[in-house]
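Following: one structure in structure tokens, then a few remarks.
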Amino acid sequence: MTASPSAFIKGAGSLIAGLGVTIKAFFQPVVTSQYPRQLLNISPRFRSHTKLVADRDNPEKNGCIACGICVRNCPSGSIKKVEGEKREGEKRKTATSYLLDFTTCSQCGICVETCPSAALDFSADFNLAGFKREDFHFDLVKEFEKRKKTS
Amino acid sequence: MVERIKAELGATLKETPVGEADYRERGYHLFAEVASADLLNVARFFDERGFYLAALICVDYKEYLELVYIFSNHASLCKVKITLKIDPAKPVAPTISTVFDCAYWHEREIREFFGVSFDGHPNMTYLFLHEGIDFYPLRKEKIPVSDEDKKALGAFRPGEGEDTFFVNLGPQHPSTHGVLRVVLKMDGEYIEDAQPVLGYLHRMHEKMAENRSYLQFLPNTGRMDYLGPMAFNLGYVTAVERLCGIPVPDRANYVRVILTELNRLSSHLMWLGAYLADLGALTPFLFVFDDREEINDILEPVTGSRLTYCYFRFGGLYNDVDDAFVAGTRAFIERLRSRFSLYEKLVGGNVIFTNRTRGIGVITKERARKQAVSGPVLRGAGIPMDIRKSEPCAAYGEMDFDVPVGTRGDALDMYQVRIREMENALNIIEQALARLPEGPIMTEKAPRKLKPPKGDLYHTVETPRGELGIYIVSDESDKPYRMKWRVPSFSNLMIFPELAKGNLLADAVAILGSLDLVIPEIDR
Amino acid sequence: MNLGEIIFLITVVATLGGAAMAVLSGSIVYALLGLVAAMFGIAGLYIFLNSPFLSMMQILIYVGAVSVLIAFAIMLIGPLYRKPKEWTTVGKFVAALGVALVSLFTFVRFVMETFGDTLPQGVPLAESPSFKITTKEIGRLFFNDLVLPFELISLLVVVAILGAIMLALFSRGNK
Amino acid sequence: MVCLGERGVCLEKEVFPVKFAVVEKVLDLARANSIWPMTFGLACCAIEMMSTAMSRFDLDRFGAGVFRATPRQADLMIVSGTVTKKMAPVLVTLYEQMPSPKWVLAMGNCAISGGPFVFEGQYNVIEGVDLLVPVDVYVPGCPPRPEALLEGFLKLEEKITGKRRFPGPESRW
Amino acid sequence: MTDLLYNYQHIYLFVALFLLFCGIAGVVYRRTLIGMLVSMELIMNGAGLNLAALNRFVSPENGYGMAFTLIIMGIAAAESAIALGIIMLIFKKYRHIEGGDLKEMKD
Amino acid sequence: MEQIGNMIGWETVKMVVGLVGVLVFVVLNALILTWAERKVAGHMQRRIGPKEVGPYGLIQPIADALKLLGKEILTPREVDKPLYYLAPMIIFVPVLVSFVVIPFDASLQVMDINVGILVILAFSSLSVFSILMAGWGSNNKYALIGAIRSIAQNIAYEIPLLLALLPIIMMTNSFSLKSIVEAQHGLWFVVYQPFAFLIYFIAGVAETNRTPFDLPEAESELVAGYHTEYSGMRFALFFLAEYTNIFIVSAIAVTFFLGGYQGPFLPGIIWFLLKSYLLVFVIMWLRWTYPRVRFDQLLNISWKALIPLSFINLLITGGLLKL
């Protein structure tokens, strides 16, 4: 505008340089990963909701001993209820229901960390969506049984 | 410095003694309790000596309410805690907003959360809360808000008065980066007055802190500043470690530095994109997100999440980094270095951009001190103050980096400071990667249940947006008695009204962008 | 009635209606829009007067410049200034009507009395079939016979521009 | 026979109700493929919402990349973050300003149920945006990954048209 | 040819007269200065139309009327620019633009 | 008036056919341009843009249009109803009128009026009134500020736009677009008048409210500017007009500076569209590269740079023509 000619030329040059950047990008390949067609690699440490893993000694049953530490430690009270019963011939209890309200979870991982029997782990369920709130109230024990059946 | 201040403060106060505290345990050097008559004198005392009001905190000790003023200095490390006891039945205190402008906002905050009214404060109305709340939330007992108080608090009504033209910037507005609301009083396209209204995302973090154990509060830190959660994690974790005296292994410290700096990069990149989007250019926004995704690709395998990280633990880390992380970070450093030239071409050198940002929102050093701005905004104003240098936590003390400062203090300086900070962050990451020691990532001495000793602590760290101060009062239980977060965006926002005054609406948007605000952090 | 006549009638009605709206409407924006309608109508009439250039200049200058300027002023002032409605009292309306009628009457009388005899009666159109005042001819007129008024008008415009700039500077100095 | 829409929904009979149903169907197809969200970032999830619209995930592929800043021109409100009691009236106003047909997507745990900010004695958080406005799709997570938001969009499409275009996501328990 | 509606001189002259009438009435009736300016423009328009019509019907051999219409347009543009400048100043000073309430013109 | 009398004959038919053709072209053009804009933007940002809706996302604009059609017709409370309703319709008048005189090909022109370019320039100011009505009628502050900006911008940029075209008119001695195109048989006027072309192009971008001059609808400041309160079909009309305006600006630039429909081998219409869409692409390219200028800078560019430059250009051209 009221600048000197050299500044004016410099300004025009900067504008052209900007145009150069975008036109270069125009001809570069896209970086998009097309979600339903392509999936990104989900890292194994990705924190989704938790799942119960099998007991180390007995893969038939889940490893949760229903001690309730996770219930106490959960910052947002997402783990509603953990119940277990002692089966015959076993020293510890085994969970029969583990109610997780995923909609209040903050995915911090404190439950996984503090679990004394290492029965909890993160699932890789990264693309949850549903029509109801209640879709995300999980019973982890039931899901564990389901998984056992399918695998 | 500390000695001198102690002597001079002692001379000013006369009656009350000035105590010396263990800085490594408490986070401040001196403390004194003053009477409310003396408070203004003390404020002036610190004002004359170039101190700024770092934080103003209220603690409810049931028998009495205590106002805590933390004064700090840009030039040298000297922090002073001044306390003032007030009667909970009739909570009144003198205002110091006449001396330190930033107290204007802090006092309003305390007014609505504790019911302490400040004598001589010009505008004691709701800042965060809305009128539906009928008790003072942060008081330990449920004290109802009387009808008179409610009326007084809700007196602020934008839109009243004749011949005025108000524009509400927000709460839903593309340029406020969330749910900030700024009520602008306009004269044509010029702004006569700007009045931020906060609290649209007040998520009660401080109240939650009193209800949760130290560990349980950890996820919250990542949600206060969602762009720089690592720095908030770091601040909180180191604060609690300092309070309990938990040692941290070297490797953990280095990893903390690397991750925090990576997060700083992603935060600054996000700022760059959002700022340019404010100025009308959308393409840089998408370019920076490419880089952010690269950072996420590095951080996600380590931390397990993409945004609200919750990775540091008291005494160490959640899990270890691997070689893939190191290689990925190295590759990313190379990539980002080459991207800087692209940004320079697309943004920094662009004549439209420089003309739009040069000379607007000029912050002088004096105003920066009075309003207690921090971080890149402070450095843009020309004050070389970086808490990573002055009070290094984790392994920052061993890193070699410079503190970029601006010369003019305008929005363009903020841009340049942040760009150079990004380059610095790359250097820091490189150094830390080169020296990354082997060893455990978790200390063995971490107690299972944290019960810090009685006392208080004011701990600061440098987040991407500036000085984060965490004030914790512990009463030996496993829950903090009171936790106050002195957040950078809040104090940075406070300078906005005077920057916006007399400027165009478009400039106001540019200034607001240059402050790099994160709203949940302001609202807490 | 052919198509041309219908269009002509529409144009005339637009002009008259626009003028009435410009005077009578309650809001200044509507008044301005009425003015614009009237101007467009007159531009249409110019086309019927076989002078498309004049018509385009009418739109370009009156609509494109004058009305836009007025619109700009309204936008700058209007939002801050909502107090009085444009409606005034009935009395004033009657007074305005009276003043207009009286002045119109005297004006017409004056014209008639002064030039009544010399007033041309209008040549029937059939006798002058080729009315073609082209742009070129008007241009030539400006540089031959009408050079003095043309220069004067140029001077006026320059003075107006300078005056406007001075006013703008003056108001900025006040601020 | 007139064919409309990309799937060739055809008008065969000129019977009124049928025709209307078909028109409705075509319109639904158009709506499902042109969901313009409102620029309405509330909290943390807003960043992931932006990520979804950015180059890596590119929401625009589904025609949903036109973020409109004014509710008048938006079809979908993505409630991406915590709704506080101070924000609630604003949110409801914005919802009411949107012209129907309109949809609401609750993104993130805060929007679904108040998320981690619900505790005994809380005074400022709305425990679920569905208490304020009808929610069509819930996308849980804290914050959800962009893929989850995309999945939410596909779910919304499914809700509008009654059909799903892509095979459903496999559960990765 | 002459029987076509748009070939009657009187219609144009009547329209021009009506514009003049409206303009005069408006200047009196309007309350704000901008409203008065709008009315002034109407008068100008009427004059221009009058000139053009008379040119067309009375002396079709030359274009003086057209030329003067153009000159009127120039005058109108200049006049409105100045008038609006003054109106803006008045508004800045008094915060209103009501013609009737402007009594002091000095300072 | 003789012409109008004859018009009822086949002139009228031609006119009606032409208008229908113009309408079809306007809609088609807007559909193509919205798709192209999103695709161009996408690739400049290294993403794909519309893809899943139809092959290459080609059905996308149709889906958008149908959706906007199917939207609830919503009139906000407290709007000034006549102004609010009329605004989107009035914005279409200048658009349609402009198409009437643009020569797409040697024989493809609705009407070759001898004051063609004046018609376009004169009517383009009408869009300001549409914006004024939208801004004022919406009873919304953002809309109002957007309208104020738009008017100031229009005043400032109409002048260089005109002044940049004047040298060409002086060179060809004609207002008719067709004869201007014909005059470029040998060499395009852009060769003689590079500065005029640049000035025209900049002013044209400003006239169409595109970035870097998109202040009237600056999203980050004014939400959506003057059409903040418009939804559904009414908004679509604004949208349509915006894209048509872009095309018109490019088409006039092509007509005046780039030889119009003239070119070897291919038929004229193809050349014309090719050149026009190339310029449209450049306008899009600008949009996805630059930030927005500030309001006072915008006016400064016009008053302090473009207008003096175009005056100098005009003087030099006049002098050279005399020699």
Side-chain angles (χ1 to χ4, degrees), chain A residues 1-4 6-26 28-33 40-50 69-79 104-114 116 121-124 126, chain B residues 208-209 211-223 233 281-284 286-287 289-291 293-294 296-311 313 318-322 324-325 339 341-355 442 448-449:
Chain A
M1 283 142 272
T2 47
S4 65
S6 70
F8 190 80
I9 290 165
K10 216 174 136 200
S14 78
L15 292 180
I16 291 165
L19 285 179
V21 170
T22 36
I23 199 72
K24 217 164 118 194
F26 186 73
Q28 273 171 346
V30 296
V31 295
T32 307
S33 129
L40 285 175
N41 282 334
I42 303 298
S43 90
R45 275 184 193 166
F46 172 68
R47 298 184 194 156
S48 183
H49 54 78
T50 48
I69 287 178
C70 52
V71 182
R72 278 197 300 279
N73 272 339
C74 180
S76 32
S78 304
I79 305 163
T104 60
C105 174
S106 59
Q107 303 175 342
C108 58
I110 290 176
C111 51
V112 177
E113 228 174 313
T114 52
D121 198 3
F122 293 112
S123 72
F126 65 96
Chain B
M208 268 165 108
N211 286 316
R212 291 185 171 184
S213 72
Y214 286 95
L215 180 63
Q216 283 178 337
F217 188 69
L218 192 55
N220 282 43
T221 58
R223 279 151 188 84
N233 269 339
L282 273 175
T283 302
L286 284 94
F287 282 6
F289 259 89
D290 283 0
D291 292 338
E293 292 291 342
E294 297 282 327
N296 275 339
D297 284 350
I298 301 169
L299 289 186
E300 200 201 331
V302 180
T303 63
S305 42
R306 283 168 49 90
L307 192 68
T308 48
Y309 311 109
C310 173
Y311 177 64
R313 292 289 186 268
Y318 174 58
N319 51 31
D320 202 357
V321 298
D322 49 9
F325 168 80
R339 293 280 281 193
S341 71
L342 183 147
Y343 291 135
E344 178 61 25
K345 268 191 216 157
L346 191 61
V347 182
N350 189 303
V351 67
I352 300 175
F353 173 78
T354 48
N355 277 339
M442 196 73 190
R448 269 203 94 71
K449 203 147 199 155

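All chains are named by letter (A, B, ...) in the order of the sequence lines, taking the proteins before the strands, and each is independently numbered beginning at 1.
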Of all of [options], which one pairs up most often with chain A through heavy atoms under 4.5 Å apart?
| options | value |
| --- | --- |
| Thr303(B), Ile352(B), Thr283(B) | Thr303(B) |
| Leu346(B), Val347(B), Thr354(B) | Leu346(B) |
| Arg223(B), Glu344(B), Glu293(B), Arg306(B) | Arg223(B) |

Shortest non-hydrogen separation from Gln216(B) to Ile110(A) and the atoms involved: CA-CD1, 4.4 Å

How close do Ser14(A) and Val351(B) get, counting heavy atoms only, and between which atoms? OG-N, 3.1 Å

Check whether [X] gets within reach of chain A through its side chain, its backbone, both or neither, counting any heavy atom under 4.5 Å.
| X | answer |
| --- | --- |
| Phe353(B) | neither |
| Thr308(B) | neither |
| Asp290(B) | side chain |

Treating [X] as the side-chain partner and [Y] as the backbone partner, does any N or O pair qualify as donor plus acceptor under 3.5 Å?
| X | Y | result |
| --- | --- | --- |
| Arg212(B) | Pro75(A) | yes |
| Gln107(A) | Tyr309(B) | no |
| Ser106(A) | Pro219(B) | no |

So NZ of Lys345(B) and NZ of Lys24(A): to nearest 0.5 Å the spacing works out to 5.0 Å

Going from SG on Cys108(A) to OH on Tyr311(B), what distance comes out if it is rounded to the nearest 0.5 angstrom? 15.5 Å

Of the backbone (N, CA, C, O) and the side chain (C-beta and beyond), which part of Ser48(A) lies under 4.5 Å from a heavy atom of chain B, both, or neither? neither

Salt-bridged, Glu113(A) to Arg313(B), with N to O below 4.0 Å? yes

If you define the side chain from C-beta out and look only at heavy atoms, does anything of Asn319(B) sit under 4.5 Å from Arg45(A)?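 A side-chain contact under 4.5 Å exists here.
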
Assert top hit (heavy-atom pairs under 4.5 Å, partner chain B, pool Leu19(A), Thr22(A), Val31(A), Leu15(A)) equals Leu15(A)

If you apply the rule side-chain contact (heavy atoms from CB on, under 4.5 Å), what do you find for Tyr343(B) with Val21(A), and how did you get there? CA-CA 9 Å; Tyr343(B) 291 135; Val21(A) 170; over 6 Å; no

